[in-house]
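Report on the following structure.
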Amino acid sequence: MYKIMNYKLLVATEVAKAVDNILSEEDIYKKIERPKSSDMGDLAFPAFMLSKSLKKAPQEIAGELINKIDTSKFEKVEAVGPYVNFFLDKNSFSSEVITNVLKEENNYGNNSDGENGNVTIDMSSPNIAKPMSMGHLRSTVIGNSIAKILEKNGYNPIKDNHLGDWGTQFGKLITAYLKWGNEEDVRRDPIHYLVEYYVKFHKLDKEQPELDDEARDWFKKLENGNEEAVRLWKWFREVSLEAFNETYKTLGVDFDTYNGEAFYNDKLQEVVDILKDDNLLVESRGAQVVNLDEYDLNPALILKSDGASLYITRDIAAALYRDRTYKPVKNLYVVGSEQTYYFNQLKKVLEKMNLDSAKGVEHVPFGLITVDGKKLSTRSGRIILLNDVLNESIDLAKKQIDEKNPELPNKDEVAKEVGVGAIIFGDLKSERINNIDFVLEDQLKFEGETGPYVQYARVRAESILKKGHADKYNFSDVSLDNKQSWATIKLIQSFPDIVKEASENLEPSVIAKYSLRLAKAFNKYYANERILDDNDELESRLALVKSVSIILKESLRLLGVKSPDEM
RNA sequence: GUCGCAGUAGCUCAGCUGGAUAGAGCAACGGUCUUCUAAACCGUAGGUCAGGCGUUCGAAUCGCCUCUGCGACACCA
């Protein structure tokens, strides 16, 4: 593989030599920083830490250092106050970076840190017979992006949709359906009608408590494998999943497994047995619990006092199953931050069980979505339907296309890519832990720091490449030596670091923010430089444009956002 | 009450895990399309980094305290 030069290391080596190794190369390397402004150079060494051992002012040290440092490998080295600023050789740096990108193409930035280790990702997890809301969007889109980021870092992600497809609500649903339901309606619009029945049930059961008895009875039948109950359950599950898959298709997300809660039904007894054998299970207030006092946590309830299992029982079964099936190096749960406490408990229980993958269990929390500062809930009717938001965004994108580029061939396809891209990007661009107070107009923005902004930057790049017949060049001799392109090139060079950072922090926003920076730098370049001018550097400029296009597309791909060639 | 997360421009957020004059986008105001797609670019204005104390040569960043908001605190998921 083409090995790109590590410029930071180069600086560290030169500084270490110049200070006669008073500080180790490693220590210096860690302290090297990137100046905010490019007229202060490309890399800088702050001389503060030398002032104690040399007993001199850092300004003085910086001034002396520039005379000792071998400057031949740099364009310029200068002392500014307490800093030694290094200016890289633009020509060779640019040439090296761009040649590398064009060679690697969308593999640029790949690394093998993950050593092909399996990573299970518990994500999305909508409830059967309920609509997907904006809350599900977050888990889906964050999980999807993390999977792609991990893959680029050499891991093998396994996306598991942990469907909410079991529980007492199915007793209610079956009861309601048999009383008021209609097969044709459910076929036509499953979620809509199933929710309607469910809501009706909840309205009436206050005055008709016999409904609850009936529901309980149906759930019991379902658990015991009653044919009618199982048939209906399977059917509800199937039609719901079809509706979900429609949404997933729109979002461009797929899964490796759909092991919902029901999948673990026959695996719960073993969990209880194992906990008993390990003497971890104790009785408390009539329930079976795992004590977690030593971690300052409340006990984890494994079985209710009536003997029924709980959510954590299934999660333990799931962790056990994943442990055996995949031997994961990480087992991630992309679930809202309100469940942090719960996941602390889960992890500790798994550790007490000595599960190999317990150390790799990690909750990947994200902030709450609220409306007017209040939590969403199906019951209160404060809910935002994901499909509605996506459709509105797609419609708006369509309008924009009709206005700005009416001749565009595949308008509907592009409107979808832009509209959906705006929603996904909007969700991923800020740190996932931040809460989001939902305002529709905020979501439907296509200008400024948005997905469409990044898409548009690449569209411009593609347009130039087409007009300049870029495919006839082989870009063998790239040389760019001007100020306009410099910011863009430095960003391109940093992409592999960004990919690592995103992976280490499990943070898609790192990629999103990077893509904005690159798009912005490119737009600026585009505005100030005539790329298609026929002169010496034409080929090199096209090579740069091509590199930008490759990386913008790859960045968006890592976020799960499509990148149209025209818009 | 205890624990967790957060508090940076009118609004939404960055600030590279301690460094140079705190940065973007939106909104406001002004400028730029006979030339590569104006979903863009340029400019103006906007700050007690919630408050306090401490560590340090140096703090928006680390520690402690206070205030404010949100969330979680065993038979829901």
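In the text below, chain A, chain B and the rest are named by the order of the sequence lines, each starting its count at 1.
Using N1 to N3 plus N6-O4 or O6-N4 for Watson-Crick, or N1-O2 and O6-N3 for G-U wobble, each under 3.5 Å, B:rA28 pairs with B:rU44. Across every strand in view, B:rU2 sits in a pair with B:rA72 that passes the Watson-Crick or G-U test at under 3.5 angstrom. B:rC62: Watson-Crick or G-U partner is B:rG54, with both key distances under 3.5 Å. Nucleotide B:rA9 forms a pair with no other nucleotide shown, judged by Watson-Crick or G-U wobble geometry with both contacts under 3.5 Å. Base pairing annotation: B:rU17 forms no Watson-Crick or G-U wobble pair, as no partner gives both donor-acceptor distances under 3.5 Å. With a 3.5 Å ceiling on both atom-pair distances, B:rC36 lacks any Watson-Crick or G-U wobble partner.
With P as the reference atom, B:rA14 and B:rC62 are 14 Å apart, rounded to whole Å.
Proximity of A:Ser51 to the phosphate of B:rC57: no side-chain N or O atom is located under 4.0 Å from OP1 or OP2. The side chain of A:Tyr525 places no N or O atom within less than 4.0 Å of a non-bridging phosphate oxygen (OP1 or OP2) of B:rC41. For B:rA72, neither phosphate oxygen OP1 nor OP2 lies less than 4.0 angstrom from any side-chain nitrogen or oxygen of A:Tyr341. Put simply, A:Asn434 has a side-chain N or O that comes within less than 4.0 Å of OP1 or OP2 on B:rA14. Phosphate contact (OP1/OP2 of B:rC16, side-chain N/O of A:Lys513, threshold under 4.0 Å): absent. Proximity of A:Lys52 to the phosphate of B:rC57: a side-chain N or O atom is located under 4.0 Å from OP1 or OP2. Dashed line: the shortest gap from a side-chain N or O of A:Lys520 to OP1 or OP2 of B:rC41 is not under 4.0 Å. Side-chain nitrogen and oxygen atoms of A:Lys36 include at least one within less than 4.0 Å of the OP1 or OP2 phosphate oxygen of B:rA20. Listed pair A:Lys375 / B:rA72 meets the phosphate criterion, a side-chain N or O lying under 4.0 Å from OP1 or OP2. Taking side-chain N and O atoms only, A:Lys429 has no distance below 4.0 Å to OP1 or OP2 of B:rC13. Note on A:Arg460: a side-chain N or O is less than 4.0 Å away from OP1 or OP2 of B:rA38.
In this structure, A:Lys404 reaches the bases: a heavy-atom distance under 4.0 Å links it to at least one base atom across the strands shown. Among the heavy atoms of the strands, none lies under 4.0 Å from A:Ile32.
Between the base of B:rC75 and the side chain of A:Ser305 there is a donor-acceptor pair shorter than 3.5 Å. For A:Asn298 against B:rA72, a side-chain-to-base donor-acceptor contact under 3.5 Å is absent.
Remark: C1' of B:rC41 and CD of A:Gln484 are 12 Å apart, rounded to the nearest angstrom.
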